[in-house]
Amino acid sequence: MTRRTDWAEYTDPVAPRTRGNRGDGGAVGGGDEAYDDPRCGAEAYEHGASRDGRARGGRGRGRRRGFGESADGPQDGGSAFSSRAEEGESSGDPAERARAICLRLLTGTPRTRKQLADALHKREIPEDVADEVLSRFEEVGLIDDGAFADAWVESRHHGRGLARRALARELRTKGVDSALIDEAVGQLDTEQEEVTARELVDRKLRATRGLDRDKRLRRLAGMLARKGYSEGMALRVVRQALQEEGEDTEGLEDEGL
């Protein structure tokens, strides 16, 4: 018989942390620091997770922690937490192994349910056991695909300058539901995308000086296209930037990439 583990150690009734100011994603061209902090995700629940009665379905902003936000507690909490997860992975109980695998992965970086499910499948955890464990993780807030998508959009747009189309594509590869993707990329509007596109062009503009106009156009517009910007927006932004530099942009209106 599969032993059911007491989940109290992961659901101590401590008030949750919130995202705080969501507009500090950083300058275009920066890294993805929000996804690199080894103390984010599951470790916060080692020192106390929210149990305020709101399950995964209620995606209220107040219950979300910022990705990369370290939990209050002992400085050696990460190593102690990792040791506990490693011990669980060697257990003969599939449910205990599944929990340990997920907790270890979540200690390193936030993950979607699909990513964790794939990891459990590779470790030959029975599908019914994996589903039960993952559902419980969602209930206590250790997995929140909606919060993951929101933070991914914020980080990748401000950090790498990706447009909505590219962000949606990345989130689909991580198994995020289409409705959650639409809600997350809806944080960005056309105006914000255009501002970011212009910042990207301004950063690359100097490197293209000395090239002929058409080559500059193709290089800069192509850079924006690879980041998910539409052809129309890419051409418009590049044309304006070149015009401000004194380039003759007559006839560029009808040119494509």
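The shown structure was predicted, so the numbers you read here are calculated from the model rather than taken from an experiment.
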Margin query: Could you work out, with side chain to side chain contact (heavy atoms under 4.5 Å, CB included) as the rule, every residue matching Asp118, not counting sequence neighbours?
Written below: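 For Asp118 the side chain to side chain contact (heavy atoms under 4.5 Å, CB included) partners, ignoring immediate neighbours, are Lys114.
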Check: With sequence neighbours excluded, what pairs up with Arg172 under the side chain to side chain contact (heavy atoms under 4.5 Å, CB included) test?
Finding: Ala168, Arg169, Ile181
Partners of [X] by side chain to side chain donor-acceptor pair (under 3.5 Å), sequence neighbours excluded?
X: Asp128; value: none
X: Gln115; value: Thr112
X: Gln243; value: none
X: Arg236; value: Glu194

Residues which pass salt bridge (Lys or Arg N to Asp or Glu O under 4.0 Å) with [X], listed by chain and number, not counting sequence neighbours:
X: Arg209; value: Glu245
X: Asp177; value: none
X: Arg198; value: Asp202, Glu244

Checklist line | Full working for side-chain hydrogen bond (donor to acceptor under 3.5 Å, both in side chains) between Arg164 and Thr190 | finding: CA-CA 9 Å; Arg164 286 173 291 185; Thr190 301; 3.2 Å; yes
Item checked: Carboxylate-amine/guanidinium contact Asp131 Arg113, below 4.0 Å -> yes
Checklist line | Gln192 vs Thr196, side-chain hydrogen bond (donor to acceptor under 3.5 Å, both in side chains): CA-CA, chis, key distance, verdict | finding: CA-CA 6 Å; Gln192 176 60 51; Thr196 303; 3.1 Å; yes
Pairwise side-chain contact, [X] with [Y], heavy-atom cut-off 4.5 Å (strictly under):
X: Val237; Y: Tyr229; value: no
X: Glu231; Y: Leu235; value: yes
X: Leu220; Y: Lys204; value: yes
X: Phe137; Y: Leu106; value: yes

Check: Given the rule in the side chain to side chain contact (heavy atoms under 4.5 Å, CB included) test, do Val176 and Trp152 qualify, once you have shown the distances and angles that lead to the verdict?
Finding: CA-CA 11 Å; Val176 178; Trp152 186 267; over 6 Å; no
Item checked: Trace of the side chain to side chain contact (heavy atoms under 4.5 Å, CB included) decision for Leu120 with Val129 -> CA-CA 10 Å; Leu120 295 180; Val129 174; over 6 Å; no
